[in-house]
*Asks:* 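Here it is, the structure in full.
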Amino acid sequence: MGSAYKTKPGVRQSHFPGILCVVYFLALLLMSGIHMGLITLIDSRGWNDIVAIVIPTVYWALVAVGLTLYARWQIKRAYEEPMHRLAQATAKVAQGDFSVYVPPLHTVDKLDYLDVMLLDFNTMVEELGSIETLKTDFFSNVSHEMKAPLAVIQNCAQLLQKEELTEEKRREYTDSILQSTRKLSNLITNILKLNKLEKQTIRPIPECYDLCQQLCDCALQFEDAWENKELEFVADMEDRVMVEADPGLLELVWTNLLSNAVKFTPVGGTITLTQTSDEKEVTVSVSDTGCGIDEETMRHIYDKFYQGDTSHSTEGNGLGLALVQRILQLSDGTITVKSRVGQGSTFTVRLPMSIHREEMNQ
């Protein structure tokens with residue numbers, strides 16, 4: 001395999017400029033001319049043989065020393081100094097310092113392969129720093145998400161130890177413990193799923209199935225929830241559309257989107273599930289009349305553990321949309337969102353249509 005820098009246009013494949021070879025050639029040619037001049041001078045003066053040997057020898061010794069020192073200076077300036085800087089930078093990175101930067105030797109219009117190597121090293125260090133930050137944020141967020149339900153479980157368990165509790169209070173504390181354990185269970189399950197999806201240990205297993213039927217089944221899972229909040233649920237779908245995808249993974253997409261719609265739509269609001277298709281793709285939209293999403297939240301909705309509600313008082317752990325996005329990436333699908341604060345949001349999923357409409361209707 002060829003090196004990556006060879007594929008980059010405008011990158012010189014030699015670190016030393018071609019003019020340097022010309023300089024060495026001309027210098028040696030000049031030195032040879034001077035040598036011939038010395039020989040001619042010695043012959044014309046009639047100097048003895050010892051002088052005739054010593055003078056050219058000393059002369060070429062000086063030429064050799066000069067050329068050696070010049071070559072040494074060129075190597076030190078061109079190779080050793082940048083390699084020393086790179087070695088110092090790698091030592092700092094090994095100690096956990098990801099703020100290092102090694103400047104390239106030439107400007108952008110005169111880059112060579114060594115400059116590209118230094119720039120790639122800087123990019124690598126920057127990425128490592130980002131990964132370290134993400135890892136720190138991940139542990140911080142996991143700790144925060146686990147701390148709240150664990151505190152509820154601990155407090156309720158202590159209250160349940162009181163003998164004078166009424167049956168109503170005992171049931172209330174028990175329900176709180178169950179709700180917190182479910183939240184912890186969902187958190188751990190989502191973390192494991194997302195981790196497997198990102199490492200691609202879970203790979204989609206496509207099969208042909210009726211997407212409309214799956215959407216109906218997923219929507220019915222939230223029937224009690226939307227009835228309790230007196231929500232109006234509107235479905236506008238085709239009778240049947242066959243797709244080739246992993247039904248288990250796509251079910252996670254629909255349940256997450258519908259769950260968010262129910263969660264953030266106030267009492268008396270409306271949730272709309274729409275599905276259309278053409279010869280190229282199938283489109284599924286989940287709309288609500290909830291609180292909407294502001295611009296700052298919109299930029300982070302697919303980040304792990306990010307929640308627009310910074311108090312984390314609402315249900316959820318900020319992993320749902322991260323899961324949705326990763327699943328759709330593995331399924332060659334896309335997701336977009338349109339939202340206005342105070343008016344609601346619409347999440348639109350597009351999946352490639354791999355079966356012709358004639359086959360769908362059979």
Side-chain angles (χ1 to χ4, degrees), residues 1-28 62-144 191 194-201 295-306 318-319 321-322 325-326 329-330:
M1 292 180 61
S3 301
Y5 66 83
K6 291 184 178 180
T7 63
K8 297 182 179 181
V11 175
R12 290 188 289 113
Q13 304 304 308
S14 174
H15 187 59
F16 289 102
I19 191 65
L20 192 62
C21 297
V22 176
V23 170
Y24 268 96
F25 175 77
L26 293 177
L28 288 172
L62 293 174
V63 170
V65 169
L67 289 176
T68 300
L69 291 176
Y70 180 72
R72 169 62 180 162
W73 175 76
Q74 284 283 358
I75 293 173
K76 182 178 180 181
R77 179 184 64 85
Y79 279 110
E80 286 192 357
E81 290 181 358
M83 288 300 103
H84 281 306
R85 290 199 298 269
L86 184 61
Q88 293 171 358
T90 54
K92 291 180 180 179
V93 172
Q95 295 171 0
D97 182 3
F98 300 106
S99 63
V100 297
Y101 177 81
V102 183
L105 305 176
H106 303 98
T107 57
V108 177
D109 57 328
K110 297 181 180 179
L111 293 179
D112 59 28
Y113 67 91
L114 189 56
D115 295 307
V116 173
M117 183 184 73
L118 296 177
L119 291 172
D120 288 342
F121 172 80
N122 293 332
T123 302
M124 179 190 69
V125 173
E126 185 178 353
E127 290 296 326
L128 286 173
S130 299
I131 293 172
E132 186 68 19
T133 301
L134 286 174
K135 184 175 71 173
T136 303
D137 291 344
F138 177 82
F139 285 116
S140 176
N141 286 319
V142 169
S143 301
H144 183 279
I191 290 174
L194 189 57
N195 182 58
K196 289 179 179 179
L197 285 170
E198 290 185 337
K199 290 185 176 181
Q200 294 189 351
T201 55
E295 292 184 2
E296 176 63 23
T297 303
M298 192 85 74
R299 287 193 288 268
H300 299 281
I301 56 174
Y302 301 113
D303 294 351
K304 300 173 192 175
F305 296 104
Y306 185 83
L319 287 176
L321 289 177
Q325 185 186 50
R326 184 57 183 152
Q329 287 173 346
L330 293 175

*Asks:* Quick check for you: to the nearest 0.5 Å, what is the distance between Q325 atom CD and L330 atom CG?
*Replies:* 10.5 Å
*Asks:* Please enumerate all residues that pass side chain to side chain donor-acceptor pair (under 3.5 Å) together with Q329, with sequence neighbours excluded.
*Replies:* R326
*Asks:* Taking only residues two or more places apart in sequence or in another chain, which ones pass side chain to side chain contact (heavy atoms under 4.5 Å, CB included) with L28?
*Replies:* L67
*Asks:* To the closest 0.5 Å, what do you measure between CG (L86) and CD (E81)?
*Replies:* 13.5 Å
*Asks:* Run the side-chain donor-acceptor check on residues 92-105: report pairs under 3.5 Å with partners two or more places apart or on a different chain.
*Replies:*
unit_1, atom_1, unit_2, atom_2, d
D97, OD1, S99, N, 3.0
D97, OD1, S99, OG, 2.6

*Asks:* R72: which residues meet the side chain to side chain donor-acceptor pair (under 3.5 Å) condition with it, sequence neighbours left out?
*Replies:* E80
